[in-house]
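Structure first, commentary second.
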Amino acid sequence: HAAASACPLLAFAVLLALPGLAAGVTRRYTFNVGMTSVTRLCGTKSIPTVNGQFPGPRLDAREGDRLVVTVHNHMSRNVSFHWHGLRQLRNGWADGPAYITQCPVQPGQSYVYDFTVAGQRGTLWWHAHLSWLRVHLYGPLLILPGLGVPYPFAAPYKEVPIMFGEWFKADTESVISQALQTGAGPNVSDAYTFNGLPGPTYNCSSKDTYTLKVQPGRMYMLRLINSALNDELFFGIANHTLTVVEADANYVKPFTVSTLVISPGQTMNVLLTTSANPSSQAFAMAIAPYTNTQGTFDNTTAAAVLQYDATTAPSSAQNLPLPALPRYNDTNAVARFTSNFRSLASAQYPARVPRAVDRHVLFTVGLGTDPCPSNQTCQGPNGTKFAASINNNSFVRPRSALLEAHYQRRYAGVLMANFPTTPPHPFNYTGTPPNNTFVAHGTRVVPLKFNTSVELVMQGTAIQGAESHPLHMHGFNFFVVGQGFGNYDPINDPAKYNLVDPVERNTVSVPTAGWVAVRFLADNPGNLYRHLLACLTCMYSCLLGSGQCRLIRCASCGRCVAYALPL
């Protein structure tokens, strides 16, 4: 959402407040984006990759480092990249969402992402941010603390990134294109993956099994990333427990579980202490979905191997007992796990949650419908099209780029600063849906003045069935101060808020038939935005297609930036 631009004196103050910037180094990476043949699930298909790798290359940085990533697009389609969870301080043009902060990198063209890691350390990730290209275009972004700065827990023997993903036998661009055309929910994936490998629970996949080799009596830090499009995932390791120490690149008070759940876009660092005298040479790791959707979903389980004897060939997971994961619709298990998260709230890592609130915002999120065009047949509810919305508003791609309109102050005909901050038509959000489920359309924003403290309550709805909705905020972290089931009660629920040590995140799930309250400080000027993740795919229709681009000069920074002008 748009916020007032900052003056050069503010930029100087920000630099003074972030001494780690001066101590960093510049790390340069090159992304050659092209098509690569990959075989999974008994078939071979051509998929987009970075440098021929699936998943893509790992980016390493240290707090305070500058990253310069040069992208060369060798595909026949546009692409852009987002650095998920990174605070782009006054640097929105490096954030990556196509047609919002940049024009996409067109076929045969290049683009340089140039940004600094300021005040952050932990596990983040990068992915394509146009259409469904992130099904294949993704990789880890690992940020170490500054030199000489220890972890607030015992140092692990080894750190291992593990990315959970999905595999589709079909061409994924065709899948989303068909869904947008017919208005139906998109076809679901055929398998889940560990670092791109589905494992032995699927046909032809026993050799495509991820194996984590460990030594007895050691502590490992698993950097978990859910890069799946649509699915929240349960994860566990048979006969082992996991201690959660970080969420979305923010340290948390450690807690130990046998099973965790991680939503699309979220990251989690967990400590695994291996047995000094293991009862077996190998144990199964597994992921399986959590969902309450009324439609179809990928109800399968992917397996990988935790292997103690690192000197022998990898063990087969074919006959290993799987860990006991909750049922796919066990909302209570998810709620119990989520309730464990607390910020460290220490002197070194304080929880700077806003105590006073300048703006209160209530967003209802969920699925509504659009009428079916007269010249086609639609496959949504009762012959309509599914449409995602917030406060009954579904986004429409503007005729000019939002950032261009923002910096040139030419809003007329592009966007309106009247996004509803409360539901325009209140109803029993988690009860009986209204008779009219059609959504409104528009390119609307909520303007915020610099340093405004905001409380945002996101209320799930049951219009097309109650389900969990992951949401991600670009350019900001936020504090999760409260959540619950049913309809949010503005009188009684705030009294239950945690304003002492709430968890700080960049992605959160609105509970099934429930609500979540977050607070943040609008201290990162620019044209940033919040979006429902891809489980509400209809919202992304505004990001499809092609556009013409031109260079303009940013009014507040003096740099030349490329923006999209949709055809």
Using distance only, find each side-chain donor-acceptor pair of residues 142-149 under 3.5 Å and give its atom names and separation, not counting sequence neighbours.
none

[X] and [Y] aromatic centres sub-6.0 Å:
X    : Y    : value
H474 : H82  : yes
F54  : W167 : yes
F234 : Y328 : no
Y29  : Y113 : no
F194 : F164 : yes
F81  : H129 : no

Residues [X] and [Y]: side-chain donor-acceptor under 3.5 angstrom:
X    : Y    : result
N292 : Y290 : yes
T193 : E166 : no
T123 : N269 : yes

Worksheet item: What do you reckon, is CG of N203 surrounded by more than 12 foreign heavy atoms closer than 6.0 Å?
Response: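 Check fails, neighbour count at 12 or below.
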Closest heavy-atom pair and its distance - [X], [Y]:
X    : Y    : answer
T507 : P264 : CG2-O, 3.5 Å
L471 : V365 : CD2-CG1, 4.2 Å
T201 : A302 : OG1-CA, 3.8 Å
F168 : N187 : CE2-O, 3.4 Å
R505 : T267 : NH2-O, 3.6 Å
G185 : F386 : N-CD1, 3.7 Å

Item to complete: Check the angle between the aromatic planes of Y251 and F153 and answer parallel, tilted or perpendicular using the 30° and 60° thresholds.
Response: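 Geometry flag for F153 against Y251: perpendicular rings.
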Worksheet item: Hey, is the main chain of G85 close enough, under 3.5 Å, to the side chain of Q120 for a donor-acceptor pair?
Response: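 Here the side-chain-to-backbone pair exists.
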Worksheet item: Can you name the one residue among K45, H74, R77 that meets side chain to side chain contact (heavy atoms under 4.5 Å, CB included) with M35?
Response: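 By the side chain to side chain contact (heavy atoms under 4.5 Å, CB included) criterion, M35 pairs with just one of K45, H74, R77: R77.
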Practice prompt. Please determine if K253 and D501 form a salt bridge, counting it only when a charged side-chain N lies under 4.0 Å from a carboxylate O.
Written response: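 Counted as a salt bridge, because a side-chain N and a carboxylate O are separated by less than 4.0 Å.
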Practice prompt. Test F283 against H240 for ring-ring contact (aromatic ring centres under 6.0 Å, His included), laying out the working first.
Written response: CA-CA 9 Å; F283 297 87; H240 290 73; 4.9 Å; yes
Discussion item. Name the residue from T241, T273, T243, N340 that meets the side-chain hydrogen bond (donor to acceptor under 3.5 Å, both in side chains) definition with T256.
Written reply: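 Exactly one candidate clears the test, T243.
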Worksheet entry | Non-neighbouring partners of S343 that pass side chain to side chain contact (heavy atoms under 4.5 Å, CB included), sequence neighbours left out |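 Expected list: A351, F479, E504.
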Worksheet item: Say you draw a straight line from CG of L456 to CZ of F478; how long is it, rounded to the nearest 0.5 Å?
Response: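 These two atoms lie 8.5 Å from each other.
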Discussion item. What verdict does the salt bridge (Lys or Arg N to Asp or Glu O under 4.0 Å) test give for R27 and D65, after you've listed the backbone C-alpha separation in whole Å, the side-chain angles of each residue and the deciding distance to 0.1 Å?
Written reply: CA-CA 7 Å; R27 301 176 187 266; D65 284 352; 2.4 Å; yes
Item to complete: Show your reasoning for whether ring-ring contact (aromatic ring centres under 6.0 Å, His included) applies to F341 and F255.
Response: CA-CA 8 Å; F341 285 94; F255 63 94; 5.1 Å; yes
Item to complete: Could you walk me through whether Y220 and T274 pass side-chain hydrogen bond (donor to acceptor under 3.5 Å, both in side chains), step by step?
Response: CA-CA 8 Å; Y220 293 79; T274 58; 5.6 Å; no
Item to complete: Test T338 against Q483 for side-chain hydrogen bond (donor to acceptor under 3.5 Å, both in side chains), laying out the working first.
Response: CA-CA 10 Å; T338 303; Q483 56 189 326; 5.2 Å; no
Practice prompt. Show your working on side-chain hydrogen bond (donor to acceptor under 3.5 Å, both in side chains) between S263 and E232 and close with a plain yes or no.
Written response: CA-CA 4 Å; S263 297; E232 298 178 88; 2.6 Å; yes
